[in-house]
There are 2 protein chains.
Amino acid sequence: MTIDILLVDDHPVVRSGLRAVLEASEGLSVVGEAATGEEAVVLAEHLRPAVVLCDLRLGAGMDGIATTAALRALAPAPAVLILTTFDRDAEILGAIEAGAAGYLLKDVAPAAIIDAIQRAARGDTVLGPDLAARVIQGIRNPLPRLTEREHDVLRLLATGAGNREMAKSLLVSEATVKSHLVHIFSKLDVDSRSRAVHVARQRGLL
Amino acid sequence: MTIDILLVDDHPVVRSGLRAVLEASEGLSVVGEAATGEEAVVLAEHLRPAVVLCDLRLGAGMDGIATTAALRALAPAPAVLILTTFDRDAEILGAIEAGAAGYLLKDVAPAAIIDAIQRAARGDTVLGPDLAARVIQGIRNPLPRLTEREHDVLRLLATGAGNREMAKSLLVSEATVKSHLVHIFSKLDVDSRSRAVHVARQRGLL
DNA sequence: TCCCGTCTCAACCGTTCGATGGAGGCGCGG
DNA sequence: CCGCGCCTCCATCGAACGGTTGAGACGGGA
């Protein structure tokens, strides 16, 4: 019994590469390709693939996480495997939360991709060996969630804005901005705006 | 007469994709694949490809720019086309300086890649339509070059380090660090450390 | 030779930042 | 209803930062 697969990636070259790699394997069949998340959902409804291989970054429009959520809302829902170049905690964990069956780094060997797809088709979750531990640690030691407003401040912070500037952008007083900053610093365990931006980048919060 | 091509990319999937796309075209022949810059140079010496398609980011070891320089030092030198996901000024310009015949964004259509290779094989330079203008502007309006020491400071700055911390890392006094910072601010046309990091990122200086 | 760029350091001063310790309002769920 | 989290704001204060000016040392190039 062959496994039907839908590819979702905004790079034509990557799609071709995946198709070439997967179709060389017995039991795998690429039934469709999509360049955007929107396209992916439409195709998945018609083609009913068992597994969707989805890039985390999809240029404009829906990102991989939103696409995952939309795909998982279908009935029957395909298993979704996330493809990614970098392994940022926040994004990958977000994808898992959205219902992804696992994730793959793009630089793995073809055999590993095939293996992961077969597992996903069986309903298994496939997490990279290193990530499994991190997920567990993430549950045990949850990353502090920033509030909406704190995210706003963080984004401006990353552009190098000062307190006064942020206050104007967000239409609040400087005191409020400082208050948010204190909370951000506390949650990220840092003591300066520059370091906050640095660890926020590391954790994929930007 | 067929054009011999060497692929250099650390992602097996991308290599497969490029191979699939290129071999579907008449007159193009992929004669080899390399996952690292070092490997690429060795293979290029033996296979003597007319064109090398080289990713800008190559995981560990030599990056795309260093690889380009090494390839161009061969005799006869292959034409080098740079592949990249993001279009950061500094890196692309660096690759051009190192002797690249042009660059391609990874999300272009296969036809554009084939076209670029054919041009490169003829000795043409192929710059993206948008970049050509930027190169010209870059010549007219050269980006201020940071000195070695200023780069050191900038790197530490990006990690969120304070002046005292940087001084200790670089084994100089705080006054010296501040001096470098003033020069960096001036060259990047900013007025704060956070903003310096921001524009440095935009310009690919990190 | 002298100039110029780079790296090094110093002192001064106004501004911004980060820490602290509050306070009130608002919405949501127990 | 009451608590809790979030957002908003205030005042104060020491530490850090940013701008300025000036200067000595070293090396390469005109």
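Order of the sequence lines sets the chain letters (A, B, ...), proteins ahead of strands, with each chain counted from 1.
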Side chain of Ala175(A) only, heavy atoms from C-beta on: which candidate in dC9(D), dG18(C), dG18(D) is closest?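 Between dC9(D), dG18(C), dG18(D), the one nearest the side chain of Ala175(A) would be dC9(D).
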
Flag the pair Asp55(B) and Lys106(B) as a salt bridge only when some basic side-chain nitrogen lies within less than 4.0 angstrom of an acidic carboxylate oxygen. yes

Contact under 4.0 Å: Ser179(A) side-chain N or O vs dT8(D) OP1/OP2: no

Have Thr176(A) and Ser173(A) got a donor and an acceptor in their side chains that come within less than 3.5 Å? yes

Describe, as an angle rounded to 10 degrees, how the axis at the first end of the helix from dT1(C)-dA30(D) to dG30(C)-dC1(D) is tilted relative to the axis at the last end, five pairs per end.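 One end axis against the other gives 30°.
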
Spacing of His183(B) atom NE2 relative to dG19(D) atom P, expressed in whole Å: 12 Å

Is there a residue in residues 150-171 of chain A whose heavy atoms reach under 4.0 Å of DNA chain D, and which residues are they?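 Going residue by residue through residues 150-171 of chain A, none turns out to have a heavy atom under 4.0 Å of DNA chain D.
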
Tell me, please, which residues at least two apart from Arg72(B) pass salt bridge (charged side-chain N to carboxylate O under 4.0 Å, His left out).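 Arg72(B): no salt bridge (charged side-chain N to carboxylate O under 4.0 Å, His left out) contacts found.
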
If you measure from the Lys or Arg side-chain nitrogens to the Asp or Glu carboxylate oxygens, is any gap between Glu150(B) and Arg145(B) under 4.0 Å?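 Result for this pair is no, no salt bridge flagged.
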
If only side-chain N and O atoms of Ser173(B) are considered, is one of them under 4.0 Å from the OP1 or OP2 phosphate oxygen of dC9(C)? yes

Students often get this wrong, so: under 4.0 angstrom with heavy atoms, is Ser192(A) touching a base, only sugar-phosphate, or nothing? sugar-phosphate

Is the shortest side-chain N/O distance from Thr147(A) to OP1 or OP2 of dC7(D) below 4.0 Å?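 Yes, because at least one side-chain N or O of Thr147(A) sits under 4.0 Å from OP1 or OP2 of dC7(D).
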
